[in-house]
2 protein chains.
Amino acid sequence: MKKNILYAQSGGVTPVINATACGVIETARQHRDRIGKVLAGKDGIIGVLREELIDTSRERKADIAALRHTPGGAFGSCRFKLKGIEESRGQYERLIEVLKAHNVGYFFYNGGGDSADTAYKVSQISKKMDFPVQCIGVPKTIDNDLPVTDNSPGFGSVAKYVAVSIMEASLDVESMASSSTKVFILEVMGRHAGWIAAAGGLAQKESGDPPHIILFPEVPFNEKAFVAKVKKAVETHGYCSIVVSEGVRGPDGRFLAEAGTRDAFGHAQLGGAAPVVAEIVKSALGYKYHWAVSDYLQRSARHIASAVDSEQAYAVGAAAVRFALAGKSGVMPVIKRISNNPYRWKIEEAALGRLANREKLMPKSYISSDGFGITPVARRYLEPLIVGESYPPYDRKGLPKYVRLKKTLLKKVLPPFEV
Amino acid sequence: MKKNILYAQSGGVTPVINATACGVIETARQHRDRIGKVLAGKDGIIGVLREELIDTSRERKADIAALRHTPGGAFGSCRFKLKGIEESRGQYERLIEVLKAHNVGYFFYNGGGDSADTAYKVSQISKKMDFPVQCIGVPKTIDNDLPVTDNSPGFGSVAKYVAVSIMEASLDVESMASSSTKVFILEVMGRHAGWIAAAGGLAQKESGDPPHIILFPEVPFNEKAFVAKVKKAVETHGYCSIVVSEGVRGPDGRFLAEAGTRDAFGHAQLGGAAPVVAEIVKSALGYKYHWAVSDYLQRSARHIASAVDSEQAYAVGAAAVRFALAGKSGVMPVIKRISNNPYRWKIEEAALGRLANREKLMPKSYISSDGFGITPVARRYLEPLIVGESYPPYDRKGLPKYVRLKKTLLKKVLPPFEV
């Protein structure tokens, strides 16, 4: 009897996570002889535990195809983390029960390091419980902090958004710097690793081009050196363009974003890192500033997605199905870089155990010696990931044609379960 | 003897102000028999007063063509406002001296209401000083607050950016709302008029679609009604997506953005309106939130420019040259809407006196009765302005091919002048 696939999205979404879902569903539909339905957890693993399973076979072919260019997480996602097997045995057992009740033979978990860990544990416990399920992790994270894989689907599109945005905003501030705003600061995501901030450096086509300063979470904030660098940039170029990671910390280890912003009632932490950095510039140098916080915009900007990223996101989804058909379990399709120039890559297989709960920080060699920029080796790594523009189709009113699925749930057959 | 054109950019730049410059220069180059060079003020009118004039004839044809898709202000801009003729007689006289010294017969001032006023005054004083110059205002402002013209070049592209961005970010927050962030707030520009905030409403393709709330500068912030509306949206849709104009004011008339954000040292006003609104939501309802401040990103996002906007920006530049050749002065080419469906428009001529120093606020009929959304009549007005995607070309590294001009200055012939 044919088994179903259960696919679930996990953690923060990306501009291209739905391309991965599209890769899974379209590839599975090509193998109807061997694979049953693709089910999807509503709002991720929480929905699986609640037996809220979306029947993707009820979605139109054109709508599934449109997932390829639709941002957000089309089936919903969550940050729910299953703990150790002993600690959360009830949840693991429930998970297996749900899989069993709906004839699931393949569990695809689309997320980062935590999800790889969960998928790994599910593969182990399913064997013990005598209902073996093939568990396959599918990589996704804008943070690019997954080990083993050369890069993570989702990162390239955010990188492209950040590079294009800082390039454009820098042209704006440059236009008026002689008599007005001299410093522009763009805050980007990256709590622990500076991959996204580093991508801002790609906007520099020539030496002296903006951004003039990048502030990484890997480099403790040195106010004196920073202020001197801003001053130098303004004196040299007339303005200073800055990318700051939300994860930048002061020498005391505290996030800059927490460094004292309070509202009138004394509530801490309204702001991000950008306004704090702006205030430091103004206090020290008196320059007029502007700042932007891109927040979810960067993570959902499918309108300026990287074609390479979109293609890789689809490919890891398709590969998960091929791995399943080949009988594999406890693995993840990862991206292997074959060459830089021309950029070539392929999908390989990695054991989930190698990926679980490990964070890939930026190598020291990627950050320039003064701590405020990227090195040529970083550029060589990052450049191919933003190549190509994968535009969504637009309607006649000038808006992207993003799809919302029907998300028809399967009928529940199990008793309720409190998550 | 053929006269030169002097072109200057004024005030905040737009994603398409350089398309207007391109329209001026390319059209002038088609009439070399009657028009000399196109000169451009470096950094706007300040450069004209300082006799810092860029000789655009030194720029390559391909670079001028690339202005059409390059954001920022390619010649530089400023917010310098010439006051009344009596008050600033010295500056007006200097301006005329510079025009005379460089054989300028046509002065094109590319800006908003202030610039229309300046162009008008220059036309008057030049006659009095017996060096008649044909003065033509060329419309530009992302704020869309110029009277007479149906819309202002620059606005449509910002409107498209805001509509696309809030649509995308809303898909993101919707994905995770069941267990995480429930409220997303995007802050957009518009100190006095809510045109840009209103454009966020275009993201709603169907009733109930995000954004669920728009906060306009025209509507005093009603905290109680706002909180109730957020609660309702979250209960109905699972999340609430909000666009807030930077210019929103409380019932006391103070900007919300000033409403109390202080750093640890007690400095006022680090933040924008979005973090203040976010804090109100959290205090009243306890929902997890995210916020973005798009700032210069919205004003420079040439990568997602409206094709209609880009075309109109070019057209007003080209029309300015035609007006000059027709002997006109004291006028501005404006956009006249002929029909909505299909959208058709043409360029007309308006007297500068009618445009000077007047702000076009949003009609009351554009804001829904509860004050939190746009009406069908607003939608009919706004919709055509974001139609079509005018993408810039990209290089092989995945970055837009934006041009930086040589900006060769003419040799000065006059004594220095202190601005």
Side-chain angles (χ1 to χ4, degrees), chain A residues 13 43 46 71-73 76-80 160 163-165 167-169 171-176 178-180 184 202-203 205 259-264 267 270-271 275-276 279 290-297 299-304 306 383 386-389 394 396-400 402, chain B residues 13 43 46 70-73 76-80 160 163-165 167-169 171-176 178-180 184 202-203 205 259-264 267 270-271 275 279 290-297 299-304 306 383 386-389 394 396-400 402:
Chain A
V13 297
D43 301 327
I46 289 180
S77 184
C78 64
R79 290 198 190 278
F80 188 84
K160 187 177 186 95
V164 170
S165 295
M167 178 185 266
E168 292 179 330
L171 284 170
D172 188 312
V173 65
E174 184 182 353
S175 309
M176 309 195 54
S178 76
S179 62
S180 183
F184 176 75
L202 293 178
K205 291 187 179 180
T261 318
R262 290 184 188 278
D263 68 14
H267 302 134
L270 278 183
V276 173
E279 193 56 33
H290 263 251
W291 54 266
V293 174
S294 49
D295 193 65
Y296 281 178
L297 304 189
R299 207 174 75 172
S300 58
R302 183 62 187 76
H303 73 269
I304 187 66
S306 149
E383 264 178 350
I386 69 164
V387 168
E389 296 69 51
Y394 281 70
R396 285 182 313 165
K397 292 183 174 172
L399 291 168
Y402 294 145
Chain B
V13 297
D43 301 326
I46 290 179
T70 298
S77 185
C78 64
R79 289 197 191 281
F80 188 83
K160 189 179 185 96
V164 170
S165 295
M167 178 185 267
E168 292 179 329
L171 285 170
D172 188 312
V173 66
E174 184 184 352
S175 309
M176 309 197 52
S178 77
S179 61
S180 182
F184 176 75
L202 293 177
K205 291 189 179 179
T261 318
R262 290 184 187 278
D263 68 15
H267 301 135
L270 277 183
E279 194 55 33
H290 263 252
W291 54 266
V293 174
S294 49
D295 194 65
Y296 282 178
L297 304 188
R299 207 174 74 173
S300 58
R302 184 61 187 77
H303 73 269
I304 187 64
S306 151
E383 264 177 349
I386 69 163
V387 169
E389 296 68 52
Y394 281 70
R396 287 184 311 166
K397 292 184 174 171
L399 291 167
Y402 295 145

Novice: Between B:S175 and A:D43, which heavy-atom pair has the shortest distance, and what is it?
Specialist: O-OD1, 4.0 Å

Novice: Please give me the minimum heavy-atom distance between B:A292 and A:S294, naming the atom from each residue.
Specialist: CB-O, 3.8 Å

Novice: What part of B:I304 gets closer than 4.5 Å to chain A, counting heavy atoms only: side chain, backbone, both or neither?
Specialist: side chain

Novice: Where on B:S306 is there a heavy atom nearer than 4.5 Å to chain A: the side chain, the backbone, both, or neither?
Specialist: neither

Novice: Hey, is the main chain of A:R302 close enough, under 3.5 Å, to the side chain of B:E168 for a donor-acceptor pair?
Specialist: yes

Novice: Which one wins on heavy-atom pair count under 4.5 Å against chain A: B:S178, B:A163, B:S180?
Specialist: B:S178

Novice: Which atoms of B:E383 are under 4.5 Å from chain A, going by heavy atoms: the side chain, the backbone, both sets, or neither?
Specialist: both

Novice: Need one label for B:K397: side chain, backbone, both or neither, based on atoms under 4.5 Å from any heavy atom in chain A.
Specialist: both

Novice: Measure across A:M176 and B:R79 and return the closest heavy-atom pair with its distance rounded to 0.1 Å.
Specialist: CE-CG, 3.8 Å

Novice: Which bit of A:S179 comes within less than 4.5 Å of chain B, counting heavy atoms only: side chain, backbone, both or neither?
Specialist: side chain

Novice: Can you name the closest pair of heavy atoms from B:L297 and A:A169 and give their distance?
Specialist: CD2-CB, 3.9 Å

Novice: Taking the side chain as C-beta and beyond, is there a heavy-atom pair between A:L171 and B:S300 under 4.5 Å?
Specialist: no

Novice: Report which part of B:I46 has an atom under 4.5 Å of a heavy atom belonging to chain A: side chain, backbone, both, or neither.
Specialist: side chain

Novice: Could you tell me which of B:A203, B:A301, B:S165 has the largest number of non-hydrogen atom pairs under 4.5 Å with chain A?
Specialist: B:A301

Novice: Looking at every non-hydrogen atom in both residues, tell me the closest pair between B:D295 and A:H290 and how far apart they are.
Specialist: OD1-ND1, 2.6 Å

Novice: Please find the pair of heavy atoms, one from B:L399 and one from A:L202, that lie closest to each other, and give the distance.
Specialist: CD1-O, 3.1 Å

Novice: Looking at A:M167, A:K160, A:E389, A:R299, which has the largest count of heavy-atom pairs under 4.5 Å with chain B?
Specialist: A:E389

